[in-house]
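As the structure is a prediction and not an experimental result, all values here were calculated from the model. Every heavy atom of this structure was used, including side-chain atoms; hydrogens, water molecules and symmetry mates were not.
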Amino acid sequence: QVQLVESGGGLVQPGGSLRLSCVASGRIFSPYTMAWYRQVPGKQRELVTSIGSAGTIFYADSVKGRFTISRDIAKNSVYLQMNSLNAEDTAVYYCNYRQYSLISWGQGTQVTVSS
């Protein structure tokens, strides 16, 4: 019902920055939460950050102080500004939308941090 499209991934050197974007389309109803997850091969997908309809924000301890989630409600978009990237941030990053039991996932965008 809700489709998500991510963009902005790529190769970046340690200490560098990237900005991911996620655009939602379809039938969007409040309240809803948007989030960023990431996953590496052989490991479970983990929650990186989320933002709720009321503006409540969560960050995983591993990214606090380095990543910033933001949104543009008019554009049905959510963004992830990633600074001070390190090799441990290498993963496929997925955008997530949730309204009660209705959940949608983006296709994912690869972020590789390497020198």
Checklist entry - So, does Arg66 use its side chain to make a donor-acceptor pair with the main chain of Ser84 at under 3.5 Å? => result yes
Given the options Val78, Asn96, Val63, Trp36 meets side chain to side chain contact (heavy atoms under 4.5 Å, CB included) only with Val78
Checklist entry - Under 4.5 Å between any side-chain heavy atoms of Leu20 and Tyr79, yes or no? => result no
* Transitively linked via ILVMFWY side-chain contacts under 4.5 Å: Leu11 with Val92? -> no
Please set out all donor-acceptor pairs under 3.5 angstrom arising from side-chain atoms of residues 51-62, sequence neighbours excluded.
from  : atom 1 : to    : atom 2 : distance (Å)
Ser53 : OG     : Tyr32 : N      : 2.7
Ser53 : OG     : Tyr32 : O      : 2.8
Tyr59 : OH     : Ile69 : N      : 2.9
Asp61 : OD1    : Lys64 : NZ     : 3.1
Ser62 : OG     : Arg38 : NH2    : 3.3

Rounded to the nearest 0.5 angstrom, the OG1-OH distance for Thr109 and Tyr93 is 10.5 Å
query = Do Trp105 and Tyr97 have ring centres separated by under 6.0 Å?
reply = no
Quick note, side chain to side chain donor-acceptor pair (under 3.5 Å) partners involving residues 2-13, not counting sequence neighbours, are none
So CD1 of Ile28 and OG of Ser104: to nearest 0.5 Å the spacing works out to 7.5 Å
**Study point:** Backbone of Ile103 reached by a side-chain donor or acceptor of Gln99 within 3.5 Å
**Key:** no
For Gly108 and Tyr94, the nearest pair of non-hydrogen atoms, with its separation, is CA-CD2, 3.6 Å
| request: Please test Phe67 against Thr49 for side-chain contact (heavy atoms from CB on, under 4.5 Å), starting from the C-alpha separation and ending with a verdict. | output: CA-CA 8 Å; Phe67 290 12; Thr49 180; 5.8 Å; no
Residue set satisfying side-chain hydrogen bond (donor to acceptor under 3.5 Å, both in side chains) with Gln110, at least two apart, ordered chain then number -> Thr112
Quick note, disulfide (SG to SG under 2.5 Å) partners involving residues 15-111, not counting sequence neighbours, are Cys22-Cys95
Any side-chain heavy atom of Val23 sitting closer than 4.5 Å to one from Lys75?
no
The side-chain contact (heavy atoms from CB on, under 4.5 Å) partners of Val113 (sequence neighbours excluded) come to Val12, Pro14, Leu85, Asp89, Thr90, Val111
Interatomic distance, CZ@Arg45 vs OH@Tyr37, rounded to 0.5 Å, equals 9.0 Å
Contacts of Asn83 meeting side-chain hydrogen bond (donor to acceptor under 3.5 Å, both in side chains) (sequence neighbours excluded), chain-then-number -> Ser17, Gln81
For atom CD of Gln107, decide whether the heavy atoms of other residues, nucleotides or ligands shown that lie under 6.0 angstrom number more than 12. no
Heavy atoms of Val40 and Ala91 approach each other most closely as CG1-CB, 3.6 Å
_When you compare the side chain of Thr68 with that of Leu80, does any pair of heavy atoms fall below 4.5 Å?_
no
> Quick one: are Ser25 and Asn76 in side-chain contact, heavy atoms under 4.5 Å?
Replying inline: no
